[in-house]
Protein chains: 2
Amino acid sequence: MNINPVSILKEHDLKHTKQRVRVLEEIALDSVAISQPDLEKKLGKEIDRVTLYRILNTYQEKGILHRIMDMNGTANYAVCTSSCSEDHHHDEHVHFNCTNCNKIYCLEVEAPRIKMPKGFTAKTVSSIAYGICEKCNAI
Amino acid sequence: MNINPVSILKEHDLKHTKQRVRVLEEIALDSVAISQPDLEKKLGKEIDRVTLYRILNTYQEKGILHRIMDMNGTANYAVCTSSCSEDHHHDEHVHFNCTNCNKIYCLEVEAPRIKMPKGFTAKTVSSIAYGICEKCNAI
DNA sequence: TAGTATATGCAATTAAATTGCATATACTAT
DNA sequence: ATAGTATATGCAATTTAATTGCATATACTA
Ligand SMILES: [Mn+2]
Ligand SMILES: [Mn+2]
Ligand SMILES: [Zn+2]
Ligand SMILES: [Zn+2]
């Protein structure tokens, strides 16, 4: 993913700190989402655990990252591609969670429109497909 | 929901214990899914926390309950309506998570078929719609 | 009814998340 | 450039969640 952490911080009126830049860089490295535990491992003691929590929350609230919960309730983070805002994430694509390697992919597939029963008004829909990813299928 | 805990246990070769019956009864009470924390509160000290964990896992593995993870990574449980088996849950309907009351509904809406990109093979799809439920809309 | 397998409860660990606060750092205004 | 102010960070302490080991209790089988 080709993003510029510094300008993203500016755009969202966030102070430019080396921790924030580092986290965003790390997540943008890969096109697949990274889980919070993996992120912690990668960062090691570069960044305090609590700080990481706070940065991830801020990013998610600001619409810089989106958070995808996997089957086990683990948070996974990916850079928001489209223009997400504080009040609304446009993360309306399907995610794919490989049950073999556990990676989470943001697919280029739009989340399907779903008709709601009377009385229910949906604002967003999250769709996660579980199965085997291209890499694991290739092996 | 009109289920018979005792016969469900028999069907799945699970020993009939009062804790297992109690948990299943409690979850079946309501048509909406119940969160693990709420379940713990409801059961109070009737059942040990660890036992509850084990019962819920067993039920989920056996296909008696299905587990729906909400936005916060909290597990929610609902009785499997259709015939779920150990190897495959037929929980292919859409869930609705009210952002006001937090309840999770199992909708009578089939999960949409989604075309996967080349290389990806999906086994199941989980769709969760977020919004306002009928009750909260009525207020 | 006795014997065996397994479920439960309790205590102890381990892991995850949150909070409070002192200090460091980034930005603003002079 | 500098000083002042607001906020981000790190560390320690809590709180909450989940797991493990083991002795005892309970359900089913023979
Ligand atoms: Mn995504
Ligand atoms: Mn359901
Ligand atoms: Zn894979
Ligand atoms: Zn509601």
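Nothing here was measured: the structure is a model prediction, and the numbers come from that model. We name chains A, B, ... by the order of the sequence lines, and we start the count at 1 in each one.
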Over how many whole Å does the gap from [X] atom [atom1] to [N] atom [atom2] extend?
X	N	atom1	atom2	value
Asp48(A)	dT19(C)	CG	P	16 Å
Asn72(B)	dA17(D)	CG	P	12 Å
Gln19(B)	dT26(D)	CD	P	9 Å
His16(A)	dT28(C)	NE2	C1'	17 Å
Leu9(A)	dT7(D)	CG	C1'	14 Å
Lys10(B)	dC28(D)	NZ	P	8 Å
Gln36(A)	dA15(C)	CD	P	16 Å
Leu52(B)	dA7(C)	CG	C1'	14 Å

Closest-nucleotide ordering on DNA chain D, the 5'-leading residue of Tyr53(B) and Glu46(A) |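 Result of the comparison: Glu46(A).
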On DNA chain D, check which nucleotide each of Ile55(A) and Lys18(B) is closest to and give me the residue with the more 5' one.
->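 The answer here is Ile55(A).
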Verify the ring-centre separation between Phe120(B) and Tyr105(A): is it less than 6.0 angstrom?
->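 Distance test on ring centres: under 6.0 Å, yes.
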Can we say Glu134(A) and Lys118(B) salt-bridge, meaning some charged N sits less than 4.0 Å from an Asp/Glu carboxylate O?
->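 Judged by the 4.0 Å cut-off on N to carboxylate O distance, Glu134(A) and Lys118(B) do not form a salt bridge.
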Hey, does the side chain of Thr51(B) come within less than 4.0 Å of dA7(C)'s phosphate (OP1/OP2), counting only N and O?
->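 Looking at the OP1 and OP2 atoms of dA7(C), neither is under 4.0 Å from any side-chain N or O of Thr51(B).
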Using a cut-off of 4.0 Å on non-hydrogen atoms, how would the nucleic acid contact of [X] be classed: base, sugar-phosphate, or nothing?
X	answer
Arg49(A)	base
Arg54(A)	base
Thr17(A)	sugar-phosphate

First locate atom OH of Tyr77(B), then atom CD1 of Ile34(B), and finally report the distance between them rounded to the nearest 0.5 Å.
->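 Interatomic distance, Tyr77(B) OH to Ile34(B) CD1, rounded to 0.5 Å: 11.5 Å.
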Gap separating the CG atom of Leu65(B) from the CD1 atom of Ile27(B), nearest 0.5 angstrom =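 Here the interatomic distance stands at 4.5 Å.
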Using Watson-Crick or G-U wobble geometry with both distances below 3.5 Å, tell me the partner of [N], or none.
N	answer
dA17(C)	dT14(D)
dT8(C)	dA23(D)
dA30(D)	dT1(C)

Which residue, Val50(B) or Lys15(B), contacts DNA chain C at a nucleotide closer to its 5' end, judged by nearest heavy atom?
->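 This one resolves to Lys15(B).
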Cys133(B) and Cys98(B): which non-hydrogen atoms are nearest, and at how many Å?
->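 Shortest heavy-atom separation between Cys133(B) and Cys98(B) comes out as N-SG, 3.5 Å.
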